[in-house]
Amino acid sequence: MILHFILNSKPVSKDLDPSRRLIDVLREDFLLTGVKEGCGEGECGSCTILMDGLPVHACMVLAGQLDGHRLLTIEGLSASGELDILQQAFIENNAVHCGFCTPGMIMAAKGLLLQNPDPTEEEIRTAISGNICRCSDYRQIVMAVKDAAARLRAQGGAR
Amino acid sequence: MTDFRYVGKDDSVFNTQDKAAGAALYACDLHLPRMLQMKLILSPVAHGKVRSVDASDAEKVPGVVKILTWQDVPQTKYNRGRVRASEDVPDQETIFTDHVRFVGDRIGAVLAETKEAAEEAASLIHLDIEEYPAYLTPQQVLAGTKAPIHETDQVIVPEVVAFGDYEAEQGEELQLLSSSERTTHIAMEPHCAVASYHPASRSMEVWTATQSVFGARSAVATLFGLDMQKVRVYKSPMGGSFGCKQEMILEPLAAAGSIATGRPVKLELSRAEVMMCTVLRHPIGVLTRGKFDEDLRLKGVRLDILLDAGAYQTISPDYCLSMAKKINWTYDLQSAEVHSASVCTNTPVSGSYRGWGGPETCFVMENFMNTAARRYVVDPIELRKKNVLPPWSATKILNFNLGSLPFAEVMDKGATLFGWEEKRKVLAEQGHRCGKDGTPDPAGRYLRGVGMAICTHTSGYFPRRPDWGTLSMKMEEDGSVSVNVNIHDHGCGSVMAFQKIAGEVLCMDPGKIAIPEGDTLYNAIDNGCYTSRSVFVLGRAVMETAKELKDQILDYAEKLLETPKEELVCEDSRVFPAADPDKSLSYSDIAYYAADKAHGALFVTHTYEPASNAGPVSADFAEVEVDTYTGHCRLTDFACVHDIGKAINPEVCRSQIGSAVQNGAGMVFCEQIRIDPKTGAIQNTSMERYHVVRAAEIPNVKVEFLEDESADGPFGAKSIGEAALVPVVPAILAALNDALGSGFSAVPVTPDKVLSFLESAGKEAAR
Amino acid sequence: MIFTVPKTLEELQTALANRSERFVFAAGCTDILPKKLGKPWEVDEIIDLTHVPELQTIGTGPQTGDYFIGACCTHAQVAADPEVRRHYTALAQACEQIGSVQIRNRGTIGGNVANGSPAADTLPCLMALGAEIEWIDGVCIKGFWLPGAQAPSAGSGTVVSAFAKLGDRDIVTIARISLAVRSVLRGGRYTNTAVVVGAASLQPFFCDEAAAVLDGSQPGEVDREAFAGALAKAIEASIPNRPTMPYKRSAVRGPAFDVLERLANFEH
């Protein structure tokens with residue numbers, strides 16, 4: 001089945017087995033291996049991407065459903081070669097450890113900041129409760145999101 | 001406290017740019033030409049004999065290349081915990097087996113062009129299995145097995161670890177049974193290994209997120225009869241281990257698949273498979289007995305440890321001993337006796353978990369001390385102060401010095417950081433009842449309580465077994481440095497710690513020091529990144545090697561700058577006479593000079609052998625809130641003080657502690673693998689049913705470090721990664737018990753248990 | 001494998017008419033994909049429902065004033081809808097507590113119902129609010145009709161509703177007990193109350209005894225213990241022999257108090 005969608009800002013038309021999961025398509029056909037599979041059941045958040053600007057699990061979407069949608073993966077954040085403010089904030093606030101949850105965590109945070117440019121700590125913790133990090137108590141992650149939010153607000157908002 | 005340029009300053013872990021960009025390549029991201037996907041065929045029954053495997057339907061699936069069973073692979077028995085082939089440990093496991101011993105035991109595997117084809121074929125395998133009686137608890141096994149799980153070593157009783165004469169001690173004997181259930185590590189990266197066998201040269205390459213490339217190499221080389229130099233194991237980036245990736249589980253399997261097909265093979269487990277057929281934390285039951293004299297001095301203790309090893313002994317007998325040997329690391333005992341048994345059952349394999357017996361011994365001992373504090377109505381801190389080892393004590397087991405042991409200091413500082421006195425005062429005066437926000441309210445729906453625990457952990461193998469760090473270090477022509485050391489970063493930043501250590505010594509930007517991770521072809525043989533030895537042993541080796549490299553640089557500089565070494569200063573990759581900073585040479589100038597005009601390479605090799613093992617001590621304080629209507633518990637505050645010696649990268653050390661608190665809170669409140677008592681299968685092989693503590697359920701952990709720089713680790717550092725977890729569970733459990741007025745000593749304490757306690761307590765009060 | 005993506009209602013009807021014997025609907029996939037994980041598909045056809053605009057609409061019906069929620073509206077969409085928040089508060093509260101952000105952005109209200117899980121959070125709300133299902137050819141849910149805010153049953157009063165649940169944990173959790181309450185505030189007192197208990201047993205059920213406790217009471221003055229007691233009795237009666245019964249019977253007090261508090265805090 002030929003599917004037409006936008007992937008990391010580029011229009012794509014691709015012949016895909018529609019019954020495959022989006023996570024497999026992204027990782028295997030587009031080599032976007034930043035999308036990580038930690039559970040495959042929508043519980044850990046490692047495969048979080050943005051679909052039409054909203055965080056979703058790439059393991060909970062079928063390829064055949066992609067027509068007309070706009071997808072953004074972690075790779076799309078730094079497509080210009082330069083890391084996005086959120087990515088920088090994660091690094092600078094020591095919010096990256098083993099790194100396996102990081103892409104999904106950053107995308108969940110991205111989704112939050114698109115809707116809420118100035119989240120409280122509680123709002124951040126609630127928004128990332130679908131993403132599991134086992135390397136921390138989430139403190140540095142919360143700090144990173146707050147830091148990125150402040151920097152984005154200073155720049156005039158998230159893109 | 002010494003002020004350093006890099007050490008003690010916050011830096012992110014190694015390779016964060018790639019990780020944040022989604023560009024770091026984990027084993028699951030590797031793709032080799034002609035690579036096949038491997039899917040395991042797992043036993044659906046807890047105990048039995050596979051009569052036959054009908055693969056006729058599976059073979060018809062397009063893309064299936066080969067289906068392997070036990071008949072197609074070496075039947076050599078091995079032990080997945082063996083790091084070096086010379087280790088004397090029980091051998092029970094085979095690559096695949098027809099005698100299946102738990103639901104999830106490996107019968108064979110499908111090798112196919114795609115993951116989908118492998119999954120489909122595996123679902124079409126028809127197994128004919130004669131079922132044997134299954135023994136799902138150690139008690140059932142000890143009562144006798146009509147169908148033995150193993151011919152030998154089904155039950156192993158390790159040597160009794162003892163000193164003094166416990167039976168002869170005077171005083172009242174207190175008894176407490178502590179137990180904890182199976183848990184799974186939930187490292188975010190599920191296990192994955194890629195193996196590539198080259199039949200013509202009989203050589204093998206393996207990419208795996210292991211804690212010891214040498215352990216993986218040893219397993220693969222010995223099982224398949226390959227020359228060690230022809231088995232090259234690369235440590236791939238690790239998405240967390242917490243112990244689950246320290247044993248050689250996947251590497252031999254992927255290697256078997258690659259040898260059978262002559263093609264590269266990827267074995268990537270699903271989360272359910274990780275839970276079923278890798279390794280789980282041991283369920284334990286420990287009876288603790290101890291005698292206090294009238295001054296509340298703990299004279300002696302006796303532990304009786306029963307460890308459920310799961311279907312294969314693997315590392316469990318060692319685990320018993322590891323628990324036993326820690327009995328005299330915290331309390332000043334006159335006598336101790338530790339009896340243990342490691343029992344195989346028809347359940348998933350138990351094995352390594354962060355802390356390796358440390359958290360388990362601490363759990364039973366601190367439960368015991370907290371129970372004693374309640375019984376004798378004494379502040380838990382006071383009780384401990386009466387009983388802890390004095391500074392610089394030696395343990396009576398193995399007789400080695402434990403280091404500065406600043407117990408009083410970590411407890412006092414921790415009590416202040418947490419507000420122990422004030423919190424206890426409020427609870428005593430106004431009761432434990434409160435409203436949702438924690439304000440005291442006699443009619444409130446919630447109960448709050450506080451608790452604490454202390455511990456000592458290890459910093460390496462000394463003196464349990466020979467230990468060393470052998471490495472080489474070189475300077476390139478542009479003044480950058482690369483280090484060849486057998487390091488396995490678990491994701492917690494040990495590579496960055498090493499970069500900082502080397503950078504500090506060499507007076508250069510740690511970012512210009514490359515430290516690639518474990519690679520058997522180039523690294524000198526090493527014991528692996530176990531037992532909290534990375535920073536303490538290998539980090540010290542890096543420090544000493546860097547000093548030697550610096551010495552080589554200074555030898556040249558002395559000549560070129562015509563200034564005695566002692567009068568030279570290094571700063572920012574330059575060297576200059578203290579008296580004349582303008583007359584400086586860059587490291588690059590020196591490296592070029594060495595290569596162009598002198599003896600060639602700036603290159604050193606060095607071996608460091610530790611002669612001490614400073615135990616980091618810590619005190620943890622927890623506050624827990626219980627919803628008396630639903631039984632839900634929540635960690636509302638946590639503070640701890642760690643005697644880390646020197647925090648090389650403090651912010652990363654803090655996140656390790658945060659991680660430990662998250663993990664420990666899960667163990668107290670919810671984390672539990674449940675085994676179906678009828679079938680032996682895991683009832684919750686999904687993260688929907690296996691609960692961890694999430695972002696919104698954990699407070700910001702307050703951390704303070706005690707840095708006396710007294711230990712032999714680099715810059716005085718002691719260990720942290722495992723140590724962080726050790727006292728967490730008993731501290732939180734004590735807080736829960738304080739809130740409820742209960743005496744729970746089994747974890748997890750689920751909402752059901754809380755409510756049933758409250759109901760019976762209510763009935764008791766009404767009587 | 002046939003994968004059908006109807007893009008209009010007519011195409012969906014055609015697809016349903018020509019459907020394979022073994023088929024499955026795909027919408028948010030938050031239930032079917034975890035179930036299928038690691039195994040091959042056991043169907044011959046997948047019919048995608050996410051590209052039919054009629055299934056994603058939400059709004060007031062043309063004549064009756066009844067409110068329509070398309071089956072493929074996501075939980076996030078339902079939770080954010082101002083009309084739902086105002087007039088069908090219980091449903092908004094249920095939808096904003098389902099799973100995680102990612103699940104709410106993907107999972108649909110139709111899927112939640114069609115999946116048939118006893119723990120489905122929207123079910124007790126839809127029942128309490130008197131929702132009716134509109135079917136397409138008797139096999140596919142088109143959407144749900146909720147009685148208009150000015151419907152005759154409300155009379156001169158104001159419809160209020162609330163939802164609360166208890167899971168294994170406080171967040172990202174599957175309900176062990178869920179409670180939906182819908183009532184009509186008339187003269188400052190609750191009337192015509194409906195209470196639905198979800199997740200406790202195989203099917204959600206109405207608990208008239210608990211509803212009777214509310215009727216005639218003023219918000220904030222409900223006999224909460226009597227309300228919780230009625231629910232506890234009903235749960236005990238519905239699952240007398242389940243090992244989880246004693247816990248659920250006792251723990252229902254939590255969501256019972258919570259739902260009353262939310263109901264009392266109801267603001268237009």
Side-chain angles (χ1 to χ4, degrees), chain A residues 17 19-20 24 27-28 31-44 46 73-78 83-84 86-88 90-104 106-107 121-122 124-142, chain B residues 10-13 15-26 28-29 31 114-116 185-190 237-242 268 270-272 489-493 638 649 651-652 654-663 686-688 690 692 694-701:
Chain A
D17 174 348
S19 69
R20 286 169 69 213
D24 297 325
R27 288 179 53 82
E28 294 164 17
L31 303 178
L32 296 169
T33 53
V35 184
K36 295 283 185 267
E37 180 159 3
C39 72
E41 44 168 331
E43 285 288 325
C44 79
S46 301
T73 72
I74 186 77
E75 288 88 351
L77 281 193
S78 51
L83 294 183
D84 173 276
L86 252 170
Q87 291 169 310
Q88 285 170 16
F90 265 65
I91 294 169
E92 286 161 24
N93 287 277
N94 297 292
V96 181
H97 303 107
C98 85
F100 205 81
C101 78
T102 304
I106 289 176
M107 295 315 286
E121 168 159 357
E122 202 185 328
I124 296 169
R125 283 188 175 267
T126 304
I128 60 167
S129 273
N131 294 70
I132 299 174
C133 157
R134 285 288 262 187
C135 297
S136 75
D137 55 352
Y138 298 91
R139 190 175 57 87
Q140 289 101 339
I141 293 171
V142 172
Chain B
D10 296 334
D11 265 305
S12 54
V13 305
N15 203 14
T16 43
Q17 277 75 15
D18 282 350
K19 286 173 176 175
L25 294 177
Y26 298 78
C28 62
D29 302 325
H31 192 87
T114 65
K115 195 162 68 179
E116 287 87 352
H185 307 66
I186 310 280
M188 292 320 299
E189 175 206 20
M238 184 181 272
S241 171
F242 313 110
E268 185 182 0
S270 68
R271 181 59 61 184
D489 196 318
H490 301 187
C492 56
F638 198 96
N649 195 355
E651 194 57 21
V652 170
R654 277 182 215 112
S655 42
Q656 295 215 45
I657 294 167
S659 144
V661 175
Q662 180 211 137
N663 192 182
S686 75
M687 289 180 69
E688 190 184 345
Y690 185 91
V692 298
R694 292 184 179 247
E697 301 170 307
I698 183 169
N700 285 323
V701 173

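Heavy atoms only: backbone and side chains are in, while hydrogens, waters and symmetry mates are out.
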Asker: Counting heavy-atom pairs under 4.5 Å with chain B, which one of A:Leu77, A:Asp24, A:Val142 comes out on top?
Answerer: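 Of the candidates given, the most pairs with chain B belong to A:Asp24.
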
Asker: Of the backbone (N, CA, C, O) and the side chain (C-beta and beyond), which part of B:Gln17 lies under 4.5 Å from a heavy atom of chain A, both, or neither?
Answerer: both

Asker: Taking the side chain as everything from C-beta on, heavy atoms only, tell me whether A:Val35 gets closer than 4.5 Å to A:Met107.
Answerer: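 Contact flag for A:Val35/A:Met107 side chains = no.
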
Asker: Quick one: of B:Ser655, B:Gly239, B:Gly491, B:Ala696, who has the most non-hydrogen atom pairs under 4.5 Å with chain A?
Answerer: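 Of B:Ser655, B:Gly239, B:Gly491, B:Ala696, B:Ser655 has the most heavy-atom pairs under 4.5 Å with chain A.
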
Asker: Under 4.5 Å from any heavy atom of chain A, what part of B:His185 do you find: side chain, backbone, both or neither?
Answerer: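 Contact with chain A involves the backbone of B:His185 alone.
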
Asker: Check B:Met687 against A:Cys44 and note the closest heavy-atom contact, atom names and distance.
Answerer: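 Where B:Met687 meets A:Cys44 most closely, the heavy atoms are CE-CB, 4.1 Å.
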
Asker: By a 4.5 Å heavy-atom criterion (distance strictly below it), what part of B:Leu25 contacts chain A: side chain, backbone, both, or neither?
Answerer: side chain

Asker: Quick one: what part of B:Asp489 sits under 4.5 Å from any heavy atom of chain A, side chain, backbone, both or neither?
Answerer: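 When you check distances to chain A, no heavy atom of B:Asp489 falls under 4.5 Å.
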
Asker: Contact between A:Phe100 and B:Pro190 at the side-chain level, heavy atoms closer than 4.5 Å - yes or no?
Answerer: yes

Asker: If we only count heavy atoms from C-beta on, is the A:Gln87 to A:Ser78 side-chain gap below 4.5 Å?
Answerer: yes

Asker: Using heavy-atom distances under 4.5 Å, tell me whether B:Pro699 contacts chain A through its side chain, its backbone, both, or neither.
Answerer: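 Backbone only.
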
Asker: I need the minimum non-hydrogen distance between A:Ser46 and B:Met188, along with the two atoms involved.
Answerer: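 What the structure gives for the nearest pair is OG-CE, 3.8 Å.
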
Asker: Please check this pair: side chain of A:Tyr138 against backbone of B:Arg694, looking for a donor-acceptor N/O pair closer than 3.5 Å.
Answerer: no

Asker: Tell me, for B:Phe638 versus chain A, whether the close heavy atoms (under 4.5 Å) come from the side chain, the backbone, both or neither.
Answerer: neither

Asker: Any idea which of A:Gly34, A:Gly38, A:Ala127, A:Cys133 has the most non-hydrogen atom pairs under 4.5 angstrom with chain B?
Answerer: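 Heavy-atom pair counts peak at A:Gly38.
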
Asker: At a heavy-atom distance under 4.5 Å, which candidate from B:Cys28, B:Ala272, B:Gly658 has the highest pair count against chain A?
Answerer: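 Between B:Cys28, B:Ala272, B:Gly658, the count favours B:Gly658.
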
Asker: Hey, are the side chains of B:Tyr26 and A:Lys36 touching, using non-hydrogen atoms and a 4.5 Å cut-off?
Answerer: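 B:Tyr26 vs A:Lys36: side chains touch.
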
Asker: Chain A: which of B:Asp11, B:Ile698, B:Asn700 shares the most heavy-atom pairs with it under 4.5 Å?
Answerer: B:Asn700

Asker: So which part of A:Glu75 gets closer than 4.5 Å to some heavy atom of chain B, the side chain, the backbone, both or neither?
Answerer: both

Asker: Looking only at atom types and distance, does a side-chain atom of A:Asn131 sit under 3.5 Å from a main-chain N or O of A:Gly104, one as donor and one as acceptor?
Answerer: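 Confirmed, A:Asn131 side chain pairs with A:Gly104 backbone.
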
Asker: Taking every heavy-atom pair that is under 4.5 Å apart, which of A:Ile128, A:Leu86, A:Thr33, A:Leu32 has the most such pairs with chain B?
Answerer: A:Thr33

Asker: Does any backbone or side-chain atom of B:Ser686 lie under 4.5 Å from a heavy atom of chain A? Answer side chain, backbone, both or neither.
Answerer: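 Both parts, backbone and side chain.
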
Asker: Under 4.5 Å from any heavy atom of chain B, what part of A:Ile132 do you find: side chain, backbone, both or neither?
Answerer: both

Asker: Can you find a pair of side-chain heavy atoms, one from A:His97 and one from A:Gln140, that are under 4.5 Å apart?
Answerer: yes

Asker: Quick one: do A:Arg20 and A:Glu28 make a salt bridge, cutoff under 4.0 Å?
Answerer: yes

Asker: Mind running salt bridge (charged side-chain N to carboxylate O under 4.0 Å, His left out) on B:Glu651 and A:Arg139 for me, showing each step along the way?
Answerer: CA-CA 11 Å; B:Glu651 194 57 21; A:Arg139 190 175 57 87; 3.0 Å; yes

Asker: Please state whether the side chain, the backbone, both or neither of A:Thr102 comes within less than 4.5 Å of a heavy atom of chain B.
Answerer: side chain

Asker: Checking A:Glu122 against chain B: side chain, backbone, both or neither under 4.5 Å from a heavy atom?
Answerer: neither

Asker: Using non-hydrogen atoms and a 4.5 Å limit, figure out which bit of B:Val661 sits close to chain A: side chain, backbone, both or neither.
Answerer: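 Answer is neither: B:Val661 stays 4.5 Å or more from chain A.
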
Asker: Among the options A:Cys101, A:Pro103, A:Ser136, A:Cys39, pick out the one with the most heavy-atom pairs lying under 4.5 Å from chain B.
Answerer: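 If we count pairs closer than 4.5 Å to chain B, A:Ser136 comes out on top.
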
Asker: Should B:Asp29 and A:Arg27 count as side-chain neighbours, where that means a heavy-atom distance under 4.5 Å?
Answerer: yes

Asker: Tell me, for B:Ala23 versus chain A, whether the close heavy atoms (under 4.5 Å) come from the side chain, the backbone, both or neither.
Answerer: neither

